[in-house]
Amino acid sequence: MEEAAGNAVLEVGKGLAAPVRRQFMYFYNYKSNFDDLEKEIGKLKDARDEVKDKVVAAQNNVKKIKQQVKDWQRDVDSIIVEAEQLIQEKTNSRCFNLITCYKNSRKASKKVDAVTEFLQEKETFSEVSLPTTHEDIRLKNRDYEEFESRRSTLNDVLNAVEDAEVGIIGVYGMGGIGKTTLVKEVGQQAKKKQLLDEVVFVEVSDEPDPKKIQDELANQLLLKFEPEAERASMLYARLKTGKKILVILDNIWEQLNLEALGIPCGDDRGGCKVLLTARDLNVLTSMDSVKCFPMGFLPEEEAWSLFKKMAGDVVNQTIIKRNHLPNNVCKECKGLPIVITTIARALRNKRRPSQWEDALRELRMPSPTKFAKLLEKGYSKIALSYNYLKDDELKRTFIVCSLMVNDTTISDLFKYIMGLDILEGVICTMEQARNRLESLVCELKDSCLLLDGRNNEHFSMHDVVRAVAITIAYKDQHVFTERNNMEREWSNTDELKMCSKISLADTSVISELWPEGLDCPKLEFFSMVMMVSSF
């Protein structure tokens, strides 16, 4: 019995020995514990600064910081403050108090252990931010107006996006008609209605760069191309995931090989759909299984609504409203959104009637020699469509069309085309020539440079397109019309010697300008009856 009691006391003593020894070590290691704390706090400060730099860099790149990192930063800041206060207390202590010494040494040891854990935790997050999908500002649509004339097209395209059988959708129309604005709205509404999980938008432009297109798609999809991997294959796999993804390729000028880019478009496309915009219907129809939708000009009431929005309150100023200046300027924009927006914004803060009258004059009588001032942006967009006509035959036909009245006939055009020997290739009969011309007119309509007339035999041209065409005609082919400056350009004998075509509506100017006759050695076309009636 006594032996058993003795063993029990011995075991209790052993159990008490370790805690007592540990408490004693706090006294013994008082200095080393604080030395270790100062050393580890120095390491922790360096680690904190390193993480802070990474966080700032991530925030500058609009990335979302991991909650684990935020918690770590908060707790590290707290323990550094506590440790520095403890070190300061030790420095300020003048008397050796056993109880205080014990407590502070114990705190220092505990904080060293905590600091070690923070340093170890820091190594577990190599990235301080999460992969983040940002709202693409290219899909912002500040200029979008809910026009009745556009609502049906918008709904048709949205229905096509929702239709599981449709893989590729196309929207076409002349430059500046509002295609980009419409497809951006399609993307926003489709996402809002949860028809899609992701929308990516890339402007292709007139000089497509496949690598740049892939890079922009990958960037928006948070896809990083691996150095040794095949880019198109990686992009293809990403777009074929279970998510519903709409790829908007805006402003294409030629047929794109979507699969070569890495964009799935066949029966195995998964959840991927493609929405394209183009100025030429032929660019879209040259691709397989594209469902196409045309876009036209704004009717007068909707054009005025857009004009007022872009111009602001100045349209209601009494001095500006006098003589109906805002309404007249808007009418001369002819329902083309790019011209309406450009002119209205330019006049937004113009409160002098003379400034509005000058804009009206420029719209009614645009310079035939250059795209100037207010009209440059809108007209240059249309000129690009002419530049991309595939051959000289189409370009020359378009220029002759610009010199004819609206709703004219292909038969009338045929006379001039044959007289100027514009048709190319081997043509043996008049019927073949006529068929060829009809094909050219159809191509110009598909390029949105010509409009339908009253029937298939007739065609027209929008006034804005005509203004662009006449400027191009002057610059490229030295064509003179009544829009040229009578005193300066018509009187320039050197210019007239380069002139290839003359088109006049008023015959009285002949005797006034050239009483002794014309000196135009390169003249191949002269018309007195062709110039333009308003569309």
Side-chain angles (χ1 to χ4, degrees), residues 61-62 131-145 150 153-154 156-158 160-162 166-173 175-225 231-232 234-236 238-241 243-265 269-279 283-284 287 290-293 295 337-338 341 381:
N61 284 283
V62 203
T132 308
T133 303
H134 305 297
E135 183 180 8
D136 193 339
I137 61 172
R138 286 169 292 193
L139 290 177
K140 291 287 186 181
N141 226 8
R142 297 182 183 89
D143 294 340
Y144 184 75
E145 287 282 294
R150 299 292 168 88
T153 304
L154 177 70
D156 288 343
V157 177
L158 279 170
V161 169
E162 192 172 10
V166 178
I168 308 177
I169 308 156
V171 177
Y172 68 95
I177 203 71
K179 303 181 295 296
T180 301
T181 304
L182 182 94
V183 297
K184 285 181 177 181
E185 187 65 18
V186 167
Q188 287 191 342
Q189 290 203 21
K191 203 164 183 183
K192 185 177 180 180
K193 295 178 179 180
Q194 298 184 333
L195 302 178
L196 301 166
D197 298 308
E198 296 179 83
V199 179
V200 290
F201 178 97
V202 176
E203 182 173 357
V204 177
S205 81
D206 55 311
E207 296 180 359
D209 181 346
K211 185 175 183 297
K212 182 180 177 182
I213 295 172
Q214 290 174 330
D215 285 340
E216 289 198 29
L217 289 172
N219 181 56
Q220 294 177 53
L221 293 165
L222 303 179
L223 171 66
K224 291 184 178 180
F225 289 124
R231 294 165 61 92
M234 287 189 67
L235 186 57
Y236 193 92
R238 171 66 175 86
L239 289 169
K240 271 193 63 178
T241 59
K243 291 185 176 181
K244 294 180 180 179
I245 302 174
L246 179 66
V247 177
I248 301 177
L249 300 180
D250 185 42
N251 197 20
I252 67 170
W253 288 85
E254 57 189 52
Q255 181 181 0
L256 291 177
N257 187 334
L258 296 177
E259 292 194 343
L261 286 170
I263 301 173
C265 54
R269 63 181 181 273
C272 180
K273 291 207 172 194
V274 184
L275 176 55
L276 309 169
T277 72
R279 305 183 188 199
V283 171
L284 297 175
M287 306 169 74
V290 182
K291 190 166 186 177
C292 297
F293 302 93
M295 284 192 67
I338 185 66
T341 301
K381 283 180 174 288

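In this text, all values refer to a predicted model and were calculated from it rather than measured experimentally.
Glu216 and Gln220 share no donor-acceptor pair across their side chains, judged by distance under 3.5 Å alone.
For the pair Val157/Ile169, a side-chain contact is recorded, criterion being any heavy-atom separation below 4.5 Å from C-beta on. Proximity of Leu239 to Thr241: side-chain heavy atoms (C-beta onward) are nowhere separated by under 4.5 Å. You'll find the side chain of Val290 stays beyond 4.5 Å of the side chain of Val274, heavy atoms only. The closest side-chain heavy-atom distance from Ile245 to Arg238 is below 4.5 Å. By the 4.5 Å heavy-atom criterion applied to side chains, Leu235 and Leu261 are not counted as neighbours. Taking the side chain as every heavy atom from C-beta outward, Met295 and Val171 approach each other to under 4.5 Å. For the pair Lys273/Lys244, no side-chain contact is recorded, criterion being any heavy-atom separation below 4.5 Å from C-beta on. Side-chain contact between Val186 and Ile248 is absent, with no heavy-atom pair separated by less than 4.5 Å.
Nearest heavy atoms, Gly187 versus Leu246: CA-CD2, 4.4 Å. Of all non-hydrogen atoms in Ala260 and Ala232, the two that sit nearest each other are O-CB, 3.5 Å. For the residue pair Arg150 and Ile177, the shortest heavy atom distance occurs at NH2-O, 3.1 Å. In this structure, Ala160 and Val166 approach most closely via the heavy-atom pair O-CB, 3.6 Å. Here the shortest heavy-atom pairing between Gln255 and Met287 reads CG-CG, 3.7 Å. In terms of heavy-atom proximity, Ala190 sits nearest to Val161 at CB-CG1, 4.4 Å.
A cation-pi arrangement is found for Lys184 relative to Phe201, the charged atom lying closer than 6.0 Å to the ring centre and inside a 45° cone about the ring normal.
Note: Asp156 CG to Phe293 CZ = 5.0 Å, rounded to the nearest 0.5 Å. One distance of note links SG of Cys272 with OH of Tyr236; it measures 9.0 Å at 0.5 Å rounding. Taking CG of Leu275 as the start and CD1 of Ile168 as the end, the distance is 11.0 Å to the nearest 0.5 Å. To the nearest 0.5 Å, atom CH2 of residue Trp253 and atom CZ of residue Arg279 are 3.5 Å apart. Atom CD1 of Ile263 is separated from atom CD1 of Ile213 by 7.0 Å, given to the nearest 0.5 angstrom. Within the model, atoms CZ of Phe225 and NZ of Lys211 stand 8.5 Å from one another, a figure rounded to the nearest 0.5 Å.
The salt bridge (charged side-chain N to carboxylate O under 4.0 Å, His left out) search around Arg231 returns Asp215, not counting sequence neighbours. Judged as a salt bridge (charged side-chain N to carboxylate O under 4.0 Å, His left out), and not counting sequence neighbours, Lys381 has no contacts. By the side chain to side chain contact (heavy atoms under 4.5 Å, CB included) test, Lys192 pairs with no residue at all, sequence neighbours left out. Residues passing the side chain to side chain contact (heavy atoms under 4.5 Å, CB included) test with Arg269, sequence neighbours excluded: Pro264. The salt bridge (charged side-chain N to carboxylate O under 4.0 Å, His left out) test applied to Lys243 returns Glu198, not counting sequence neighbours.
Sequence neighbours left out, not one pair with a member in residues 247-262 passes salt bridge (Lys or Arg N to Asp or Glu O under 4.0 Å).
Listed for the Thr277 side chain is a donor-acceptor partner under 3.5 Å among the backbone atoms of Asn251.
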